[in-house]
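Written below as structure tokens is the structure these notes are about.
A quick note: this is a predicted structure, and the numbers were derived from the prediction, not measured. Numbers restart at 1 for each chain; the letters A, B, ... are given by sequence-line order, proteins then strands.
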There are 2 protein chains.
Amino acid sequence: MICIIINHGTSYKKVIMAKKNSKTGVNKPGKINRKQLAELAGVSETTVSRVYNNPELVASDKVELVRKTAAEVGYVPDKTASVLRRKGTGNILFLEIKMQKKYDWTQISYYNWFYADIVRTLFKQMESHMYQLRHYQAESIADILALKNMNICDAILVFNVEDKEIVEALKTLEMPFICCHHTEKLNSVSICATDNFYGGMLAARYLQQAGCKKPVYITGFLKETFAHSQRLNGFLSVFAKKNVAVLDGKIGIDGGFEAGKKIIASIKNAEADCIGVVNDLTAIGVIHALIAAGIKIPEQVSIIGYDNLPFTIALPFKLATVDLFLNRIYATAVDLVIKSIRNEKIYREVIKPAIVPGESVRL
Amino acid sequence: MICIIINHGTSYKKVIMAKKNSKTGVNKPGKINRKQLAELAGVSETTVSRVYNNPELVASDKVELVRKTAAEVGYVPDKTASVLRRKGTGNILFLEIKMQKKYDWTQISYYNWFYADIVRTLFKQMESHMYQLRHYQAESIADILALKNMNICDAILVFNVEDKEIVEALKTLEMPFICCHHTEKLNSVSICATDNFYGGMLAARYLQQAGCKKPVYITGFLKETFAHSQRLNGFLSVFAKKNVAVLDGKIGIDGGFEAGKKIIASIKNAEADCIGVVNDLTAIGVIHALIAAGIKIPEQVSIIGYDNLPFTIALPFKLATVDLFLNRIYATAVDLVIKSIRNEKIYREVIKPAIVPGESVRL
DNA sequence: CTGTTAGCGCTTTCAG
DNA sequence: CTGAAAGCGCTAACAG
């Protein structure tokens, strides 16, 4: 009899609604539960469960029957119940660590810009895995350790952290975690990182292809910031080290402005024909200094940044730069960390950046 | 006997771990459940439940006892089980609607900037209510209607939407929702909005206090965008309408550049001494046009934007602007929409913006 | 003010 | 390959 009903299509929804709750009382309004679906499909609840979790263990015709019936009556598995039964939390934690840094080279938290896309990416990627995103902001090691007993997540996705002390704290949580973004140098933990060496190399090549021969490279915090030294190393893998004038000083807009002033003379003397800058923010400062000195970009000097920051839309021309593909980094990280919940493996994925062409380089 | 054990403090954790699962089998690793807590505290599970949900219904000494015991053994209520039993989802949906607009005046999605802070605010505010944030991006009315059967949230927080058609679609979901940001004009639905009229007024007053007397107001899409017309109305509530030259054209950086060119002459002729701009993005364009024409800001003309966009750090001076306090708007919205899950009321909250002083106005 | 009882919807043994 | 039974941790009646 049930089978006959099924063949009538969507109108059974009413039938089902009427007969539902026969045994178990009222369930969520307008929803049918697994028991009802099982009855309608003429299988057990267990089989339905398997259809959703391990379909390979179920006869394929039954899989199809269950799926079809579910679609007809609008059945959607209840994730909450599943999570409860499985004793998980169903959450992946997006962990941001805001600790006092020894040096602070950003006047503004320019990461905010990328954050939007990262968060959207995370939300989306979680969904496809039936996980939900939870957020936590740690301001100390203690905050991180506190996670151990909070039971709010099954795994952690760490936003741009490469500090050993933090990594050690994370290890004590006995939970899979993955460190994303500028985390190339970390070992023995899962990472999903950008390839700063490769990016630096791309920047140099782009200038080289534009015919530049006398580069200046403006950077800062070379010792403190592995990402910066990698970008420089990549740059130097293209232009011979002895031919590159490296300025290691302050960065950010103000730092860039200072650095820019220092190279005005060498540009005017044609001792420098192009500039690689460690990031776009600093490049903005450099550009202001050069423009103020009457230097024409790119006629007199080409310049390339790094990060693909949107702030550069406030410049009078489009800045050539390097894009990290953060979306890809974070989407991959989600996939990997969720995998590691089951298999406890350690993953290591490095995403290659790409050039974003711009009018600041004369081709 | 249980009481005696309790008085020994944290060391019982071990005792409890050893005796746990006596009846119910293994629970989440390292966690004790409500039943065990109830036993330890010498009360019923129900009482514990009340302590967490309706403490006013429990004798205060018992509340304290339960809380203390819970703290000692590190008990944390399991939200998943609670949500399951309550037949809710435990989620508030953050709904972004990305529909094809008839007009597109932003070259870049500059909202991304604010998004980071908004999302952090939302996450944080949810937590204090034991709700979790879920995200959904709708690209059509159908996407919105689909939410009806998805059963993924208990309420919806809508990101910056004022379109009637969308609001109607939301109403069919039979779920509390709140429209945030530029939603002043909506009636009969919950809103948490910014006061654009007030902001426009503040901008005008700021210029007036700086001694400006001959304002130009640069705006666009006045008819299509209620927020823009409100900003203008606010501006005109300070400077008499007949004294203000209003330019209603294209906006964004390019639009601003065009508008800027048009007013060069009047500035040079001292027919205009200040400029109010509908937003910062447009102001950037205006500024570039004026600088290119050799006009000194703020010596020859003062200028104020709106939005407090960070892109303006790439300008050679700090732009005066108006801040909306988006954090406050969204935090309030969370509180309100969660309230309305229980009481089904309609809320209407309007947050007043404030001036962000800058060097672009000569005081 | 407090406790007892009966599940929420799902998954996981354990037997076929 | 399939199903029955036993709960996951919590809360909402209901009855004191």
> Between A/Leu65 (CG) and D/dT2 (C1'), how many Å, whole number?
Replying inline: 14 Å

> For the pair made of NZ in A/Lys87 and P in D/dG7, what is the distance, rounded to whole Å?
Replying inline: 11 Å

>> Using whole Å, what does the distance between atom C1' of nucleotide D/dC10 and atom CG of B/Leu37 come to?
In response: 13 Å

>> Rounded to whole Å, how long is the line connecting atom CD of B/Glu56 with atom C1' of C/dC1?
In response: 12 Å

>> Under 4.0 Å, heavy atoms only, any strand: does A/Tyr75 hit a base, just the sugar-phosphate, or nothing?
In response: sugar-phosphate

> Going by an N to O cut-off under 4.0 Å, is there a salt bridge joining B/Arg50 and B/Glu56?
Replying inline: no

>> Going by the rule side-chain hydrogen bond (donor to acceptor under 3.5 Å, both in side chains), which residues pair with B/Lys339 if we only count those two or more places apart in sequence or in a different chain?
In response: none

> 5'-most contact on DNA chain C: B/Ala81 or B/Leu57, nearest heavy atom basis?
Replying inline: B/Leu57

> Which part of the nucleic acid, if any, lies within contact of A/Lys79, taking any heavy atom under 4.0 Å across all strands shown: a base, the sugar-phosphate backbone alone, or nothing?
Replying inline: nothing

> Does the side chain of B/Lys35 get closer than 4.0 angstrom to OP1 or OP2 of D/dG9 through an N or O atom?
Replying inline: no

> Between A/Glu127 and A/Lys124, is there a salt bridge with N-O shorter than 4.0 Å?
Replying inline: no

N/O donor-acceptor pairs under 3.5 Å from side chains in residues 57-67 of chain B, not counting sequence neighbours:
none

> Distance from B/Leu133 atom CG to B/Leu93 atom CG, nearest 0.5 Å?
Replying inline: 8.0 Å

>> Using a 4.0 Å heavy-atom cut-off, does A/Val58 contact any base of the nucleic acid, only the sugar-phosphate backbone, or nothing at all?
In response: sugar-phosphate

> Between C/dT2 and B/Ser44, is there an OP1 or OP2 to side-chain N/O distance shorter than 4.0 Å?
Replying inline: no

> Taking CD from B/Glu39 and C1' from D/dG9, how many angstroms apart are they, rounded to a whole number?
Replying inline: 14 Å

Please produce a list of atom pairs where a protein N or O lies less than 3.5 Å from an N or O of nucleotides 12-16 of chain C.
| residue | atom | partner | partner atom | Å |
| --- | --- | --- | --- | --- |
| C/dT12 | O4' | A/Arg85 | NH2 | 3.4 |
| C/dT12 | O4 | A/Thr46 | OG1 | 3.4 |

>> Walk me through whether A/Cys180 and A/Tyr330 qualify under side chain to side chain contact (heavy atoms under 4.5 Å, CB included).
In response: CA-CA 7 Å; A/Cys180 308; A/Tyr330 282 90; 3.5 Å; yes

> Are B/Ile156 and B/Met175 close enough that some pair of their side-chain heavy atoms sits under 4.5 Å apart?
Replying inline: yes

